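Reminder, nothing fancy here: chain letters follow the sequence lines and each chain counts from 1. Note that this is a predicted model, so its numbers are computed, not measured.
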Amino acid sequence: MNQPLITSASSERLADLVPSAPPLLTIRQLQKRYKTRQGYLTAFDGIDLEVRRGEVVCLLGASGCGKSSLLATIAGLQGADRGEIYLQGQPVRQSQPQVGVVFQDPCLLPWLTVAQNIAFGLKLKHMPILTRSELRSRIAEAVDQVGLRGFERSYPHQLSGGMAQRVALARTLARRPQLLLLDEPFSALDAITRLDMQNLLLQIITQQQVTVVMVTHDIDEALLLGDRVVLMARHPGRIYREWTIPQPKPRFQQAHLLSELHFAILEALSTVMDLSNQAFPHSLETTL
Amino acid sequence: MNPTSTLPTRLRLRLPLPFLGLVGGAFIWWLFTTPLWHSNPIVADFSPERTLAALGQLFASGTIIPHIQTSLRRMLIGLVAAIAIGVPLGILLGLSRPLEQTTSALFQLIRMISPLSWMPLAVMVLGIGDLPVYFLLTIAAIWPLILNASAGVLSVNQRWLMLSRSLCATHWETVSQVIIPAIVPHLLTGMRLAIGIIWIILVPAEMLGVSAGLGYYILDTRDRLSYSELMAVILIIGIIGYGLDSVLRFAHQQWTHQR
Ligand SMILES: Nc1ncnc2c1ncn2[C@@H]1O[C@H](COP(=O)(O)OP(=O)(O)OP(=O)(O)O)[C@@H](O)[C@H]1O
Ligand SMILES: [Mg+2]
């Protein structure tokens with residue numbers, strides 16, 4: 001019943017645009033199930049996704065459709081039950097130094113200053129060893145990038161929510177990841193701060209040519225930042241449809257051009273919600 | 001805020017409440033023992049007036065100093081031994097569920113044995129002198145350290161552990177750079193309790209077969225029927241204990257307020 005819903009038209013169109021370079025991230029038939037008291041809960045199933053170098057893919061979907069689970073699995077923070085993940089052709093089984101993750105909450109260590117929090121990620125054993133001056137310049141660079149100069153010695157409790165999230169971003173960016181996984185990084189922020197952060201992220205993406213997979217609840221955010229928007233359906237989580245956004249970035253002034261797409265996505269989202277509400281009784285499998 | 005507001009405002013402004021409590025306690029002590037209306041010379045010996053005089057005498061002559069030093073040294077050694085064993089053990093228990101389950105019944109059982117009941121055994125095995133005292137202090141102080149360390153590990157924010165994993169930290173890096181700093185408040189609480197217990201156990205422990213220390217000195221004053229000195233030593237024990245506890249409490253506050 002799920003199969004015909006997945007539109008292959010848009011992904012075929014994408015395939016035409018893609019140059020022959022191998023994708024940075026390849027996901028094949030990925031499945032994740034959680035063991036619960038009532039049996040197994042399939043967070044997502046049959047996920048196929050390819051992300052090219054430099055691409056920004058936004059994952060959109062209703063709450064509980066397995067976006068965070070998918071992201072955590074890609075990050076190697078939890079194992080998949082079926083399927084494979086390849087990063088530059090290498091299978092991913094655990095967290096990788098070249099992948100950076102930013103969670104919804106900043107997750108700063110409260111006993112470290114801003115600079116120390118950033119340094120924490122740089123001084124770990126598997127990272128290339130930096131001299132003291134290299135370390136300092138890396139931190140300064142990251143702090144500058146997120147516009148927090150002057151706050152290096154502040155402690156997390158002295159920062160606002162937006163500033164704390166900037167530190168989290170800086171901590172991840174300082175490690176120079178090739179793939180950035182963002183799980184609703186701005187959803188806890190107010191609208192103005194969020195716009196600010198989106199702007200910042202956009203600058204970083206263009207400057208660093210970093211590849212991004214970003215989970216979001218916000219259609220506008222996806223339209224603003226994404227090269228591709230992937231809509232997920234739930235029960236179980238699966239890819240329902242995807243759209244390519246060809247408009248050049250930044251797109252802050254092009255809201256009118258994107259409004260059609262906005263409504264198309266909204267429409268698809270509501271269809272997905274109706275479907276998943278019907279499908280819900282079957283989502284808990286008691287097999288095994 | 002809280003009961004403070006029920007007191008007359010003028011009183012509250014002039015004196016801090018804890019000080020008021022101390023003064024009240026001293027007043028009651030004085031009421032029951034003062035030579036002004038207690039004709040019994042033994043009772044009068046326990047009075048604040050004579051105690052303070054004896055206290056001045058003890059410090060002026062310097063007789064009490066070596067005993068204080070000895071007691072503090074024993075406390076420190078007992079505490080260091082208890083920390084050296086208890087904290088790593090507690091962290092290990094917090095990290096390993098099977099280990100925790102294996103040892104929980106055993107530890108609960110041993111914990112419930114009053115440390116002083118080990119006294120005869122300690123003397124038999126370790127002989128007379130400082131060693132059995134160290135043993136008693138360590139075994140008394142180790143439990144709050146173990147329990148607080150393992151409870152601390154179990155309550156470490158799961159998000160921090162997730163972060164540490166996402167940054168590909170090794171096990172040891174996670175323990176040393178995330179878990180241990182995260183449980184410092186728990187460790188300080190454990191240390192505070194440990195010091196309290198040590199300080200309480202120390203006095204009876206020093207009453208067996210040692211020839212220095214505040215516990216020994218109490219027995220000594222009793223034998224010399226010098227009750228004002230006895231009270232002075234009791235006062236010293238209380239003041240030092242309070243001071244130690246205040247230092248630890250201050251450290252705890254400093255840490256939890258994050259500088
Ligand atoms: N550790 C877990 N154990 C059991 N079930 C889980 C676990 N993590 C997630 N789930 C379940 O898996 C499903 C997908 O959860 P997930 O957090 O991935 O959704 P999401 O799309 O990120 O939702 P949201 O948009 O609200 O963040 C949910 O039904 C959730 O209850
Ligand atoms: Mg989520």
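- Using a 4.5 Å cut-off between heavy atoms, Val178(B) touches chain A through backbone and side chain atoms alike.
- The number of heavy atoms from other shown groups lying within 6.0 Å of OH (Tyr34(A)) is above 12.
- A salt bridge between Arg97(B) and Glu100(B) is present, with a side-chain N of the basic residue lying under 4.0 Å from a carboxylate O of the acidic one.
- Between Asp81(A) and Lys35(A) there is no salt bridge, since none of the side-chain N atoms of the basic residue sits less than 4.0 Å from a carboxylate O of the acidic one.
- By number of non-hydrogen pairs under 4.5 angstrom with chain B, the leading residue of Val101(A), Val99(A), Leu181(A), Leu77(A) is Leu77(A).
- At a 4.5 Å heavy-atom cutoff, the contact between Leu108(A) and chain B is made by backbone atoms alone.
- In the displayed structure, Arg159(B) atom CZ is contacted under 6.0 Å by more than 12 heavy atoms of other residues, nucleotides or ligands.
- With respect to chain B, the highest number of heavy-atom pairs below 4.5 Å among Lys125(A), Arg175(A), Lys123(A) belongs to Arg175(A).
- A donor and an acceptor atom, one from each side chain of Thr170(B) and Glu173(B), are located under 3.5 Å apart.
- For Gln94(A), no part lies under 4.5 angstrom from a heavy atom of chain B.
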